[in-house]
Amino acid sequence: MSEESRNKTFLGFDFSTQRLKALVIGEDYGVLQEADVEFDVDLPEFRTSGGVLRGERGEVTAPPLLWVKALDMVMDRLVVAGVDFSTIEALSGAAQQHGSVWWAKGAEAKLGSLSPDEFLHTQLASAFVAHAPVWMDSSTSADCRVLEDAVGGPEELAKITGSRAYERFTGPQIRKMYRTKPRVYQATARVSLVSSFAASLFLGRIAPLDLADGSGMNLLDIHTKTWCQQALKACGDETLEDKLGSPVPTATDLGPVCKYFVDRYGFRPECRVVAFTGDNCSALAGLRLRSGWVGLSLGTSDTLLLGLQTAGAPPAGHVLVGPTSEAPYMALLCFANGSLTRQNHRDRLAEKSWDAFNDLLRATVRGNMGYMGIYYDTAEIVPRRRPGRWLVEAGGRSVERLAPQFEARALLEGQALARRAHAEDMGFTLDKSSRVIATGGASVNKELLQIFADVFNTPVYVQEQHANAALLGAAMRAADVWSASTGARLPGAEPGLAPAAAPYPGDDEIYTPMLARYRELVKTIPTLD
Ligand code: XUL
């Protein structure tokens with residue numbers, strides 16, 4: 001068959017916290033096959049709960065071998081699903097951010113000489129010196145303070161690395177390992193992020209970190225795109241830079257897939273491995289977010305992804321190097337109070353029914369006659385505030401209780417105002433070409449999307465094709481990088497978006513003053529520190 005007429009497909013992976021997912025797309029970016037492995041259910045021998053192991057003092061880890069074994073399994077499930085690996089031109093992946101994988105000395109040699117007759121997990125059984133601390137770990141507060149002090153304080157660290165120090169970020173995690181398990185640290189040849197670890201399995205050597213996921217470490221200078229020497233010094237010894245290696249842009253073709261995959265699954269030896277990245281960075285690529293667009297993931301917590309032209313120093317949230325050329329930088333804002341908080345109050349106000357809750361919303365008007373609320377059922381991290389409920393009336397006086405319909409709207413408008421205010425604090429500006437692209441479980445709720453359209457004064461869209469933007473983004477990035485390097489144009493470069501809600505005229509007059517009132521109200525709430 002000639003090169004042109006051969007079917008071309010692209011493979012994406014998502015090494016997320018609870019499962020490993022894989023998906024194949026065609027030239028039109030349409031999904032052809034999918035497979036998935038759920039860690040707790042499919043690999044019970046690792047005894048994880050929700051994909052992780054928990055310690056007594058906020059430690060949360062996962063065994064890297066679990067992920068390796070899951071890869072063996074998902075590959076076999078792709079075979080069963082009918083995937084023809086000889087058609088795959090390029091593959092890439094997404095992974096949970098911040099987690100670190102500690103490779104033993106000699107591991108890279110093992111990666112370079114994998115036998116196609118055996119599973120990966122049997123050959124890599126002794127490749128790791130420790131369990132991987134993951135993003136849910138909260139045991140490094142002391143390390144965070146030391147790191148911030150070493151560079152001149154939290155604001156200075158945010159200026160350089162895009163974030164103040166966060167417990168889950170890899171720098172503080174590395175410092176904790178160096179401090180509490182020096183023998184593990186010394187026995188480690190290389191430290192990967194979960195994303196670059198996963199890419200290494202396909203590449204047959206330790207893959208470089210990519211700049212976008214690398215920005216989730218509190219170690220990278222996001223302006224010069226090189227390691228911040230003061231931060232490295234605060235987190236480890238003089239070997240740390242070599243352990244980490246040099247990061248590469250996310251849109252990097254790392255090389256061909258290793259022989260193991262060619263011999264065992266029938267990949268072509270030319271199939272390319274494109275740098276893997278963090279799940280949020282991959283979602284930004286999967287949603288094709290440009291500067292001025294907002295990705296809104298409505299899950300247990302709400303995550304906002306923003307394409308940025310320049311990197312500011314965020315007071316809360318994170319600025320990362322962008323994974324695509326459309327967005328040189330991106331911002332990530334994780335709001336702890338998302339769907340779970342919405343559901344709690346739906347249950348309280350509307351007998352556990354979204355229909356009844358939406359009826360309450362329809363009985364009110366935009367701006368809620370001036371009633372406004374902030375609901376933190378759990379401590380909030382953007383901004384860092386204590387749990388509680390704060391309600392005010394138009395004149396700014398606090399009120400104890402409100403009729404259910406006013407509470408329903410106060411809750412949702414309050415959440416949307418917070419999302420917008422903190423996006424603007426990241427240097428994000430809305431303009432005529434802006435769009436909000438909603439994903440996640442709650443993105444099916446039209447009333448909720450309407451409130452976001454009004455508060456942002458911007459149309460809201462939902463993705464037509466696939467609910468998992470990070471997974472789809474992985475396959476799409478493989479296709480994009482392959483197409484850029486070969487010069488072959490692919491018909492599917494623009495994924496479909498369906499309009500879901502449009503702003504009403506006059507939104508600006510209602511919500512601009514409310515945004516100012518939100519900023520005043522949030523200042524009065526006790527902070528976490
Ligand atoms: C982002 C973060 C999470 C993980 C989830 O900072 O910690 O969203 O990436 O996989």
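All values below were derived from every heavy atom in this structure, side-chain atoms included, with hydrogens, water molecules and symmetry-related copies excluded. Numbering of ligands and ligand atoms starts at 1, following listing order.
Below 30°, between 30° and 60°, or above 60°: for Phe202 and Phe13 the angle between ring planes is between 30° and 60°, a tilted geometry. Taking the six-membered ring where the residue is Trp, Phe128 and Phe197 present perpendicular rings, their angle passing 60° and hence far from 30°.
Taking the centre and axis of the six-membered ring of Tyr376, the NZ or CZ atom of Arg385 falls outside the cone set by 45° and 6.0 Å.
Between the side chains of Gln173 and Glu167, no donor-acceptor pair is found at a separation under 3.5 Å.
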Please report the C-alpha distance between Thr161 and Glu156 in whole Å, then the side-chain angles of each, then the deciding distance to 0.1 Å, and finally whether the side-chain contact (heavy atoms from CB on, under 4.5 Å) criterion is met. CA-CA 9 Å; Thr161 71; Glu156 200 52 35; over 6 Å; no

Would you mind listing each N/O atom of ligand 1 next to any protein N/O under 3.5 Å, plus the distance?
unit_1: ligand 1; atom_1: 6 (O); unit_2: His98; atom_2: NE2; d: 2.6
unit_1: ligand 1; atom_1: 6 (O); unit_2: Arg168; atom_2: NE; d: 3.3
unit_1: ligand 1; atom_1: 6 (O); unit_2: Arg168; atom_2: NH2; d: 2.8
unit_1: ligand 1; atom_1: 7 (O); unit_2: His98; atom_2: NE2; d: 3.3
unit_1: ligand 1; atom_1: 7 (O); unit_2: Arg168; atom_2: NE; d: 2.8
unit_1: ligand 1; atom_1: 8 (O); unit_2: Asn280; atom_2: ND2; d: 3.1
unit_1: ligand 1; atom_1: 9 (O); unit_2: Gln97; atom_2: N; d: 3.1
unit_1: ligand 1; atom_1: 9 (O); unit_2: Asp279; atom_2: OD1; d: 2.8
unit_1: ligand 1; atom_1: 9 (O); unit_2: Asp279; atom_2: OD2; d: 3.4
unit_1: ligand 1; atom_1: 9 (O); unit_2: Asn280; atom_2: ND2; d: 3.4
unit_1: ligand 1; atom_1: 10 (O); unit_2: Asp279; atom_2: OD2; d: 2.4

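When each of Asp279, Asp14, Asp36 is checked for a salt bridge (charged side-chain N to carboxylate O under 4.0 Å, His left out) with Lys21, only Asp14 meets the rule.
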